[in-house]
Amino acid sequence: MTVAARFEADITPTGTDYDTVRRVIERLSRDYREQPTLETIAADLGRSPSEVQKTFTRWAGLSPKAFLQAVTLDNAKHLLGTEGLPLLDASLELGYSGPGRLHDLFVTHEAMSPGVWKARGEGLTIAYGYHPSPFGTALMMATDRGLAGIAFCDGDEEESAFEDMARRWPKAAYVRDDAKTAPYASRVFDPGRWRADEPLRVVMIGSDFQIRVWEALLDIPMGRAKTYSGIAGEIGSPKAARAVGAAVGRNPLSFVVPCHRAIGASGALTGYHWGLTRKRAMLGWETGRLGAG
DNA sequence: AGCAACAAATATC
DNA sequence: GATATTTGTTGCT
């Protein structure tokens with residue numbers, strides 16, 4: 001099944017793949033100490049083990065068990081010894097050695113002038129639309145210069161997600177235009193279409209400090225993570241870990257600018273604007289893509 | 001004032 | 001001893 005086709009099947013708000021997957025991840029994250037069996041999890045969801053197993057594997061590209069290993073490593077402090085904490089060693093090797101090395105979305109970004117930031121988006125026209133994604137419904141926002149924002153929501157949260165985004169540039173004019181944002185959605189969530197010859201244009205609207213942080217995030221390869229303090233050191237303010245955290249949290253382009261790859265120094269996942277479960281989901285999903293690539 | 005942090009110190013098993 | 005929990009400090013919005 002192609003990725004696009006899977007999105008089609010995903011379009012109903014409840015009972016989506018992501019919905020099932022999310023609940024499995026929640027369960028695994030909470031009870032990983034007990035290493036719950038597939039059978040128990042399925043029983044609690046009121047589904048058969050094979051149903052859960054299939055849905056999960058189709059979505060993540062790896063079994064619930066492998067996923068469990070990938071995300072519970074946020075408690076494996078010993079992996080933090082080296083820079084750039086590999087999420088799953090074997091997969092990482094695969095990701096780098098293949099001819100079509102799975103790097104990120106090749107992103108060309110430009111920073112909006114501080115003027116636009118200070119004017120809170122005044123004079124800017126932003127088209128937006130809602131699209132299904134592996135992590136729930138994605139709200140995409142674009143200016144004519146490129147992609148400017150991505151938000152996530154489940155079910156009936158579309159309004160609040162929009163308001164969350166619109167608050168960032170309160171004076172911009174917003175126009176609903178799904179046709180304009182749809183191409184971005186299909187590009188962003190389909191790793192098969194992440195190519196250097198067709199870079200994704202994004203615009204970053206934020207303060208100097210924020211943009212430096214977001215650029216640092218773009219440097220983190222898929223399936224890896226960095227600590228907040230590591231990022232702070234990299235952008236030349238080694239003591240600003242906490243400020244980095246705040247800036248990461250304000251990242252308007254979630255997923256494209258991989259804010260989910262920033263974790264605490266202990267390996268704990270700390271926070272995520274669109275929900276910790278979604279952060280785990282993204283990390284696990286990426287681990288799965290690496291293994292498949 | 002308020003944070004998606006951190007390191008060191010202290011309490012708990 | 002190894003892990004939880006608390007406390008002081010921190011830089012940027």
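Order of the sequence lines sets the chain letters (A, B, ...), proteins ahead of strands, with each chain counted from 1.
Close to B/dC6, at under 4.0 Å from its OP1 or OP2, lies a side-chain N or O of A/S229. Between A/S207 and C/dT13, a side-chain N or O to OP1/OP2 separation shorter than 4.0 Å is present.
A/D178 and A/K180 are not joined by a salt bridge, as no carboxylate oxygen comes within less than 4.0 angstrom of a charged side-chain nitrogen. Between A/D219 and A/R224 there is no salt bridge, since none of the side-chain N atoms of the basic residue sits less than 4.0 Å from a carboxylate O of the acidic one.
In this entry the distance linking CH2 of A/W214 with C1' of B/dA4 reads 14 Å, nearest Å. Per the geometry, CD belonging to A/Q210 stands 8 Å off C1' belonging to C/dT13, to the nearest Å. To the nearest angstrom, P of B/dA4 lies 15 Å from CG of A/L217. In this entry the distance linking CZ of A/R168 with C1' of C/dT13 reads 14 Å, nearest Å. When the P atom of C/dT13 is taken as reference, atom CZ of A/R120 falls 13 Å away, rounded to whole Å. With rounding to whole Å, A/L283 atom CG is found 13 Å from B/dA4 atom C1'. Residue A/I231 contributes atom CD1, which lies 21 Å from atom P of C/dT10 at whole-angstrom precision. Atom pair A/F209:CZ and B/dC3:C1' shows a separation of 12 Å (rounding to whole Å applied).
The residue among A/R242 and A/R250 whose nearest nucleotide of DNA chain C lies closer to the 5′ end is A/R242.
Comparing B/dC3, B/dC6, B/dA4 against the side chain of A/A265 picks out B/dC6 as the nearest. Side chain of A/V248, nearest nucleotide from B/dA5, B/dA4, C/dC12: B/dA4. Nearest to the side-chain atoms of A/A246 among the listed nucleotides B/dC3, B/dC6, C/dT10 stands B/dC3. Of the candidate nucleotides C/dT10, B/dC6, C/dT13, B/dC6 has the atom nearest to the side chain of A/Y228. Nearest nucleotide to the side chain of A/H273, out of B/dA7, C/dG11, B/dA4: B/dA4.
Under the 3.5 Å distance criterion, with hydrogens and angles disregarded, a donor-acceptor pair is assigned to the side chains of A/H273 and A/D164. Using modelled atom types and a 3.5 Å distance limit, the side chains of A/S254 and A/W274 yield a donor-acceptor pair.
Nucleic acid contact for A/A243: base, since at least one base atom lies under 4.0 Å from a heavy atom of the residue.
Nucleotide C/dT10 forms a pair with no other nucleotide shown, judged by Watson-Crick or G-U wobble geometry with both contacts under 3.5 Å.
Paired with A/H260 under the rule ring-ring contact (aromatic ring centres under 6.0 Å, His included), one option of A/W285, A/F255, A/F135, A/F152 passes, and it is A/F255.
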